[in-house]
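Scroll down for the structure; my scribbles are underneath it.
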Amino acid sequence: MTKEELALDVITRLKKEYPDAGCTLDYDNAWKLLVSVRLAAQCTDARVNVVVEDLYAKYPDVNALAEASPEEIEEIVRPCGLGKSKARDINACMKILRDEYNGKVPEDFQALLKLPGVGRKSANLIMGDVFGKPAIVTDTHCIRLVNRIGLVDQIKEPKKVEMALWKLIPPEEGSDFCHRLVYHGRDVCTARTKPFCNKCCLADICQKNGV
Ligand code: SF4
């Protein structure tokens with residue numbers, strides 16, 4: 001089986017296994033996803049979803065977060081860890097949205113990359129989830145799983161994994177495929193325990209099964 005064929009098979013099986021997989025960060029507005037992805041660095045999505053409730057209760061829109069001081073934002077986001085830098089980035093980011101984009105999130109990958117604290121992973125997530133554009137989100141689950149399955153060969157650097165996957169995954173499938181990898185990585189192909197290959201829907205096509 002070629003890597004392209006393997007990719008299509010994995011996509012089909014994960015779709016069946018996790019039909020409704022989506023982003024596990026809660027948001028009802030693009031700028032809120034921008035805030036949440038910054039807070040999610042080295043923090044669980046579940047914790048971020050709780051912390052942002054307090055944040056938005058006090059600062060309900062882009063203007064309010066742009067006008068707040070980084071210290072005031074840090075007071076609330078501290079439970080997510082790295083509070084100082086996350087607060088600084090969120091404040092700077094909201095100022096740019098307010099001043100340069102009329103309070104909106106730009107629908108442009110390169111423009112997103114220029115925002116403070118936004119890397120390729122976050123920019124891809126926003127392109128895929130908010131704008132419905134092709135996206136490959138190479139988070140820790142994605143990188144671990146595509147290496148184990150054999151879609152890439154010992155590539156750990158996120159951008160290189162992303163570039164390799166662009167060649168294998170049909171563009172319109174990328175965003176949902178990556179969400180499904182997160183679900184599968186949490187439930188079955190786990191990082192901290194031995195993966196549960198005996199109950200994995202990819203067992204007969206995965207190169208790491210049982211190894
Ligand atoms: S067979 Fe095992 S290593 Fe391969 S994807 Fe499934 S759980 Fe992960």
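In listed order, ligands and their atoms are each counted from 1.
- Distances below 4.0 Å separate heavy atoms of Cys206 from the following atoms of ligand 1: 1 (S), 3 (S), 4 (Fe), 5 (S).
- Close contacts between ligand 1 and Pro195 involve ligand atoms 7 (S) [criterion: under 4.0 Å to a heavy atom].
- Residue contact annotation: Cys200 places no N/O/S atom under 2.8 Å from atom 2 (Fe) of ligand 1.
- Rounded to the nearest 0.5 angstrom, Thr138 OG1 and Glu157 CD are separated by 8.5 Å.
- A salt bridge is absent between Asp139 and Lys121: the closest approach of a Lys/Arg side-chain nitrogen to an acidic carboxylate oxygen does not fall below 4.0 angstrom.
- Aromatic ring centroids of Trp31 and Tyr101 lie 6.0 Å or more apart.
- With respect to Asp54 and Lys58, no salt bridge is recorded, no charged nitrogen being found less than 4.0 Å from a carboxylate O.
- Residue Cys189 approaches ligand 1 through these ligand atoms, each under 4.0 Å from one of its heavy atoms: 3 (S), 5 (S), 7 (S), 8 (Fe).
- Taking backbone and side chain together, Cys197 holds no N, O or S atom under 2.8 Å from atom 8 (Fe) of ligand 1.
- In this structure, CG in Asp26 is found 10.5 Å from NZ in Lys32, a value given to the nearest 0.5 Å.
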